[in-house]
Amino acid sequence: MKIMAKTDAFIKARIIKGYSQRELAKHSGLSHAYISLLERSVKSVGPATAKKLSDLLGMELEDLFRIELS
C-alpha cells in the first residue's frame, strides 16, 4: 500500500495557504526535496505524515492523498 499525493490538489492547497515548497517543508519538518518529490508523485508518504500535511494545509486527508493498493 502506498499513499500518494494528488498532485494538482496538493499544489493548489499549498498555494492557497500561501506556502512555498520551502515554507511547507519548514513547517512540517520535512525537507524541501521531499515536498517536491511528493508533489510530483515520485515518493509516497506515511499515514502520520499525510495527516500532518493535511492539517497544515487545512484540508481533508482524502482530498490531498490517494491510497494505491499494489
Side-chain angles (χ1 to χ4, degrees):
M1 175 182 81
K2 293 193 297 188
I3 302 172
M4 304 296 288
K6 294 179 180 177
T7 301
D8 292 341
F10 192 91
I11 294 170
K12 184 177 177 181
R14 176 177 58 76
I15 291 169
I16 288 171
K17 197 70 173 176
Y19 290 144
S20 66
Q21 285 183 346
R22 290 188 188 280
E23 290 167 330
L24 181 57
K26 180 180 171 187
H27 289 289
S28 65
L30 301 169
S31 72
H32 166 257
Y34 189 72
I35 296 293
S36 176
L37 292 171
L38 284 179
E39 286 190 355
R40 291 181 285 139
S41 291
V42 174
K43 281 279 195 189
S44 62
V45 65
T49 303
K51 175 76 171 118
K52 180 194 293 186
L53 290 168
S54 298
D55 290 346
L56 275 170
L57 296 173
M59 299 284 291
E60 294 294 323
L61 188 84
E62 299 82 17
D63 294 334
L64 296 177
F65 298 96
R66 68 182 183 279
I67 297 173
E68 295 181 358
L69 304 172
S70 325

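- Note that the OG atom of Ser28 and the CD atom of Glu23 stand 11.5 Å from one another [nearest 0.5 Å].
- Side-chain atoms of Lys43 never come within 3.5 Å of backbone atoms of Ser36 as a donor-acceptor pair (strictly under, hydrogens ignored).
- Clustering ILVMFWY residues whenever any of their side-chain heavy atoms sit less than 4.5 angstrom apart, transitively, puts Ile67 in the very cluster that holds Phe65.
- Tyr34 and Leu64 end up in the same hydrophobic cluster when Ile, Leu, Val, Met, Phe, Trp and Tyr side chains are linked at under 4.5 Å.
- If you take CG on Leu24 and CG on Leu30, they are separated by 7.5 Å, rounding to the nearest 0.5 Å.
- Checked by atom type and distance alone, the side chain of Arg14 pairs as donor or acceptor with a backbone atom of Tyr19 at under 3.5 Å.
- Atom CZ of Arg66 has more than 12 heavy atoms from other residues, nucleotides or ligands within 6.0 Å.
- Across every non-hydrogen atom of Gln21 and Glu39, the tightest pair is NE2-OE1, 2.7 Å.
- With hydrogens and angles ignored, the 3.5 Å screen pairs no side-chain donor or acceptor of Ser44 with any backbone N or O of Met4.
- The two residues Thr7 and Ser41 make their nearest non-hydrogen contact at OG1-OG, 3.1 Å.
- To the nearest 0.5 Å, atoms NZ (Lys6) and CD1 (Ile11) are separated by 14.5 Å.
- If you chain together hydrophobic residues whose side chains sit under 4.5 Å apart, Met59 and Ile3 fall into the same group.
- Clustering ILVMFWY residues whenever any of their side-chain heavy atoms sit less than 4.5 angstrom apart, transitively, puts Leu61 in the very cluster that holds Leu38.
- The local environment of NZ in Lys12 is sparse, with at most 12 non-hydrogen atoms from other residues, nucleotides or ligands closer than 6.0 Å.
- Atoms CD1 and CZ, on Ile35 and Arg40 in that order, are 12.0 Å from each other to the nearest 0.5 Å.
- Each of Ile15 and Phe10 belongs to its own hydrophobic cluster when Ile, Leu, Val, Met, Phe, Trp and Tyr are linked at side-chain heavy-atom distances under 4.5 angstrom.
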